[in-house]
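To start, the structure under review is shown below, and the notes come after it.
Computed from a prediction, not measured in an experiment: that's the story for all the values here.
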Amino acid sequence: AHSQSFVIAAQECYAADLSSSFYWGGLGKAIDGLSAKMLGKMYTCFTGKEDTRLILDALKGTNSNGAEAAVAYKAFTLDGDGLEDDTEWFLPSSGQMMIMYRYRDQINEMLRAFWSSDSMFLTDKYYWTSTYYDTTNAWTCNLNTGHMNVQNKNTSLLHVRATAEE
C-alpha cells in the first residue's frame, strides 16, 4: 500500500486495569528529534517506529502514554498461548493510520475471517498517532471516517492500535 508495509495489531491496546484509553503524554515538552508536522505534511509521515522510540526516550518516568501502550502490546503470550510475542510494536504515524483508513474495509474483512467476530474491527474511535503537532497537541485519526484531528496530549484519552514492521 503506497510502498508502505506494516502489521496491524489484532485488537486495541489495553492497560493492566483493562482500560483502553490513553494520554499521548508530554504536554509542553519538546521531543528531541521529533519534528512538528502541520496539515499536509502529516499525510506523508511514515516514521511511526522511529517516532515511538523518540517519544519513549523523552517521556521516561512519566505516566503511562500511548507510545508505551503500543510497545507493550502482545499478540500472544507464553502463559496464555504457549508462545512469546517478541514483535517490536509501535505507535503508528499519521501516514500509516491513513493507510489503515484507506484499506479499513479489507482489513475488517480479514479480521472477521480470522477471528469470526466484529469485536476486533477498526472502529469509529479516535486513535493516537506518533505524529507530533506541537508541544501541546498530537495528530489523531478516526479510522471509520479518515478524519485527522489534533488533540491535546494530556487531556484527551484516546485509543491505541499498535503496528509493527513486517
Side-chain angles (χ1 to χ4, degrees), residues 1-14 20-59 64-75 85 87-111 114 120-166:
H2 305 277
S3 300
Q4 300 292 319
S5 60
F6 51 91
V7 177
I8 303 165
Q11 62 184 1
E12 292 180 7
C13 295
Y14 289 89
S20 63
S21 297
F22 302 88
Y23 296 110
W24 199 91
L27 184 69
K29 184 168 181 60
I31 297 180
D32 291 338
L34 203 59
S35 61
K37 303 285 189 297
M38 300 299 142
L39 187 61
K41 272 221 171 235
M42 48 61 136
Y43 289 111
T44 60
C45 179
F46 297 99
T47 55
K49 186 174 183 179
E50 297 83 7
D51 293 351
T52 299
R53 285 190 198 128
L54 293 170
I55 294 164
L56 291 173
D57 288 345
L59 302 183
S64 179
N65 60 56
E68 286 178 351
V71 169
Y73 177 80
K74 297 289 180 202
D85 182 4
T87 306
E88 290 184 52
W89 296 99
F90 56 86
L91 190 60
S93 66
S94 51
Q96 290 161 326
M97 289 296 264
M98 288 307 298
I99 290 173
M100 282 193 265
Y101 161 69
R102 167 65 181 88
Y103 294 99
R104 75 188 178 289
D105 293 338
Q106 294 90 333
I107 293 166
N108 284 339
E109 281 179 37
M110 185 179 58
L111 289 170
F114 285 145
M120 305 292 193
F121 277 9
L122 303 179
T123 65
D124 61 353
K125 301 172 186 169
Y126 272 93
Y127 292 88
W128 284 118
T129 75
S130 64
T131 308
Y132 179 83
Y133 181 78
D134 61 22
T135 58
T136 304
N137 303 289
W139 285 101
T140 65
C141 181
N142 180 313
L143 288 176
N144 192 48
T145 64
H147 185 246
M148 296 294 293
N149 192 23
V150 291
Q151 301 263 1
N152 185 289
K153 298 188 295 186
N154 277 37
T155 61
S156 299
L157 278 167
L158 302 175
H159 300 273
V160 172
R161 191 72 171 236
T163 54
E165 293 178 348
E166 61 174 343

Checklist line | side chain to side chain donor-acceptor pair (under 3.5 Å) involving N149 - partner list, sequence neighbours excluded | finding: none
Checklist line | Nearest non-hydrogen partners of N144 and N142, listed with the distance | finding: N-OD1, 2.8 Å
Margin query: Going by side chain to side chain donor-acceptor pair (under 3.5 Å), name the residues that satisfy it together with N152, two or more places apart in sequence or in a different chain.
Written below: T155
Check: Backbone N or O of C45 within a donor-acceptor pair of the S93 side chain at under 3.5 Å?
Finding: yes
Next item on the list: Step through the shown structure and confirm whether more than 12 heavy atoms of other residues, nucleotides or ligands are within 6.0 Å of CG on D32.
Entry: no
Check: Does M38 reach the side chain of Y133, with side-chain heavy atoms less than 4.5 Å apart?
Finding: yes
Next item on the list: Work out which heavy atom in P92 is nearest to a heavy atom in M97; give both atom names and the distance.
Entry: CG-SD, 3.5 Å
Check: Roughly how far, to the nearest 0.5 Å, is CZ of F46 from CE of M98?
Finding: 9.5 Å
Margin query: The test is side chain to side chain contact (heavy atoms under 4.5 Å, CB included); show your working for T163 and F90 and say whether it passes.
Written below: CA-CA 5 Å; T163 54; F90 56 86; 3.0 Å; yes
Note to self: I want to check something: taking the side chain as every heavy atom from C-beta on, are T136 and L27 in contact at a cut-off of under 4.5 Å?
What the structure shows: yes
Check: If you round to the nearest 0.5 Å, how far is CG of D57 from CG of L34?
Finding: 11.0 Å
Checklist line | Spacing of K37 atom NZ and W139 atom CH2 [to the nearest 0.5 Å] | finding: 12.0 Å
Check: What are the two closest non-hydrogen atoms of A70 and C13, and how far apart are they?
Finding: CA-SG, 3.9 Å
Next item on the list: Output the distance between atom CH2 (W89) and atom CZ (R161), rounded to the nearest 0.5 Å.
Entry: 9.5 Å
Next item on the list: Of all the heavy-atom pairs spanning S130 and T47, show the shortest one and how long it is.
Entry: OG-O, 4.4 Å
Item checked: Set of salt bridge (charged side-chain N to carboxylate O under 4.0 Å, His left out) partners for E50, sequence neighbours left out -> none
Item checked: For K74, all residues meeting salt bridge (charged side-chain N to carboxylate O under 4.0 Å, His left out), sequence neighbours excluded -> none
Margin query: For S94, give me all partners under side chain to side chain donor-acceptor pair (under 3.5 Å), at least two apart in sequence or on another chain.
Written below: T131
Notebook entry, point to check: Of all residues at least two apart in sequence or in a different chain, which pass the salt bridge (charged side-chain N to carboxylate O under 4.0 Å, His left out) check with K125?
Noted result: E12
Margin query: With no hydrogens and no angle check, just 3.5 Å: does a side-chain donor-acceptor pair link H147 and Y101?
Written below: no
Check: Side chain of W128, backbone of F22: donor and acceptor closer than 3.5 Å?
Finding: yes
Notebook entry, point to check: Is there a side-chain contact between R104 and L143 (heavy atoms, below 4.5 Å)?
Noted result: no
Check: Do you know the tightest heavy-atom contact between K153 and G26?
Finding: NZ-O, 3.5 Å
Check: Taking the side chain as C-beta and beyond, is there a heavy-atom pair between R53 and K49 under 4.5 Å?
Finding: yes
Check: Nearest heavy-atom pair of A162 and Y73: which atoms, and what distance?
Finding: CB-CB, 4.0 Å
Next item on the list: Report the distance from atom CH2 of W24 to atom CG of L158, rounding to the nearest 0.5 Å.
Entry: 12.5 Å
Notebook entry, point to check: Rounded to the nearest 0.5 Å, how far does CG of L91 lie from CG of D51?
Noted result: 8.5 Å
Next item on the list: Find out whether T135 and Y132 are in side-chain contact, i.e. whether some heavy atom of one side chain is under 4.5 Å from a heavy atom of the other.
Entry: yes
